[in-house]
Amino acid sequence: MACSNKPKREHLMQPLIVTAALLRKRNQVLITQRPADKPHGGMWELPGGKLDGNESPQQALQRELREELGIEVAVEAVFDVVYHRYDWGAVLILVYECRWLGGKLQHLEVDDHRWIYPQDHSRYDILPADRPLFEQLSISPECSGSITGG
Ligand SMILES: Nc1nc2c([nH]c(=O)n2[C@@H]2O[C@H](COP(=O)(O)OP(=O)(O)OP(=O)(O)O)[C@@H](O)[C@H]2O)c(=O)[nH]1
């Protein structure tokens, strides 16, 4: 008889660790549009990406912003940690406050970018994992530190 207690594969999978940048210009924040040929293509998100090899989250975020946008940033405090389950698996997103150090923003690995007021986020097709964060930013832009999602 087959063992019915064997955990399903999805229960064994760890969440994907992702870093994301909260870059602010006055009361606006930067969002970028995912390339059409990537998963969730065309949707809007905070710039960032997965950890690669042995790098720290801060190193990963600096690399992603260099690769995707051609900009250099200082990675500062954690703004939020977001856990979200997609149908393909879970993500754990470390969202850091970032400060622009240099470089001109280019669309190297993104389709587009916008500086938006957080309260306008519903005009954009934002990744589901990020929506509670934008709701929170709309209410209290400086508030940080919660672990959201589930
Ligand atoms: N960068 C980023 N990814 C997010 C956010 N929210 C969110 O759910 N994700 C998810 O986290 C995952 C990050 O993967 P990614 O495709 O951006 O990472 P990457 O740049 O390292 O990808 P690649 O090198 O495989 O092309 C995606 O599944 C994406 O849908 C967000 O705000 N920023």
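Counting starts at 1 for both ligands and their atoms, in listed order. One-based numbering along the sequence shown.
- Although no hydrogens or angles enter the test, the distance criterion places a donor-acceptor pair under 3.5 Å between the side chain of Asp111 and the main chain of Ala36.
- Contact annotation: His84 has no heavy atom less than 4.0 Å from any atom of ligand 1.
- Looking at Arg99, its side chain never comes within 3.5 Å of a backbone N or O of Val75 through a donor-acceptor pair.
- Between the side chain of Gln33 and the backbone N or O of Gly42 there is at least one donor-acceptor pair closer than 3.5 Å.
- Closest protein heavy atom to atom 11 (O) of ligand 1: Val18 CG2, 3.4 Å.
- With hydrogens and angles disregarded, no donor-acceptor distance shorter than 3.5 Å links the side chain of Arg114 to the backbone of Thr32.
- A donor-acceptor distance shorter than 3.5 angstrom exists from the side chain of Gln106 to the backbone of Lys104, with no hydrogens or angles considered.
- Scanning all protein heavy atoms for the shortest distance to atom 16 (O) of ligand 1 gives Arg34 NH2, 3.0 Å.
- Of the N or O atoms in Leu127, none lie within a sub-3.5 Å distance of an N or O in ligand 1.
- Residue Ala129 places no N or O, backbone or side chain, under 3.5 Å from any N or O of ligand 1.
- Nearest protein heavy-atom contact of atom 30 (O) of ligand 1 is His40 CD2, 3.1 Å.
- Remark: distances from the non-hydrogen atoms of Glu68 to ligand 1 include one below 4.0 Å.
- Residue Tyr86 places at least one N or O, backbone or side chain, under 3.5 Å from an N or O of ligand 1.
- For the ligand labelled ligand 1, residue Glu109 lies outside the 4.0 Å heavy-atom shell.
- Protein non-hydrogen atoms do reach within 4.0 Å of atom 14 (O) of ligand 1.
- At least one donor-acceptor pair under 3.5 Å links the side chain of Gln62 to the backbone N or O of Val73.
- Atoms of ligand 1 found under 4.0 Å from any heavy atom of Trp88, numbered from 1 in the order shown, are 28 (O).
- The single protein non-hydrogen atom nearest to atom 33 (N) of ligand 1 is Leu46 O, 2.7 Å, given as residue, atom name and distance.
- When each of Glu109, Glu45, Glu68 is tested with Arg34 by the rule salt bridge (charged side-chain N to carboxylate O under 4.0 Å, His left out), just one qualifies, namely Glu45.
- Of the protein's non-hydrogen atoms, the one nearest atom 3 (N) of ligand 1 is Glu45 OE1, 3.3 Å.
- Counting heavy atoms closer than 4.0 Å to ligand 1, residue Val95 contributes nothing at all.
- Side-chain atoms of Thr19 never come within 3.5 Å of backbone atoms of Gly48 as a donor-acceptor pair (strictly under, hydrogens ignored).
- Between Ile126 atom CD1 and Phe134 atom CZ the span is 4.0 Å, to the nearest 0.5 Å.
- Annotation: the span from Glu64 atom CD to Leu69 atom CG amounts to 9.5 Å, rounded to 0.5 Å.
- Of the listed options Lys38, Glu67, Lys50, Lys38 places a heavy atom closest to atom 20 (O) of ligand 1.
- Applying the 4.0 Å criterion to heavy atoms of Asp130 picks out, from ligand 1, the atoms 5 (C), 6 (N), 7 (C), 31 (C), 32 (O).
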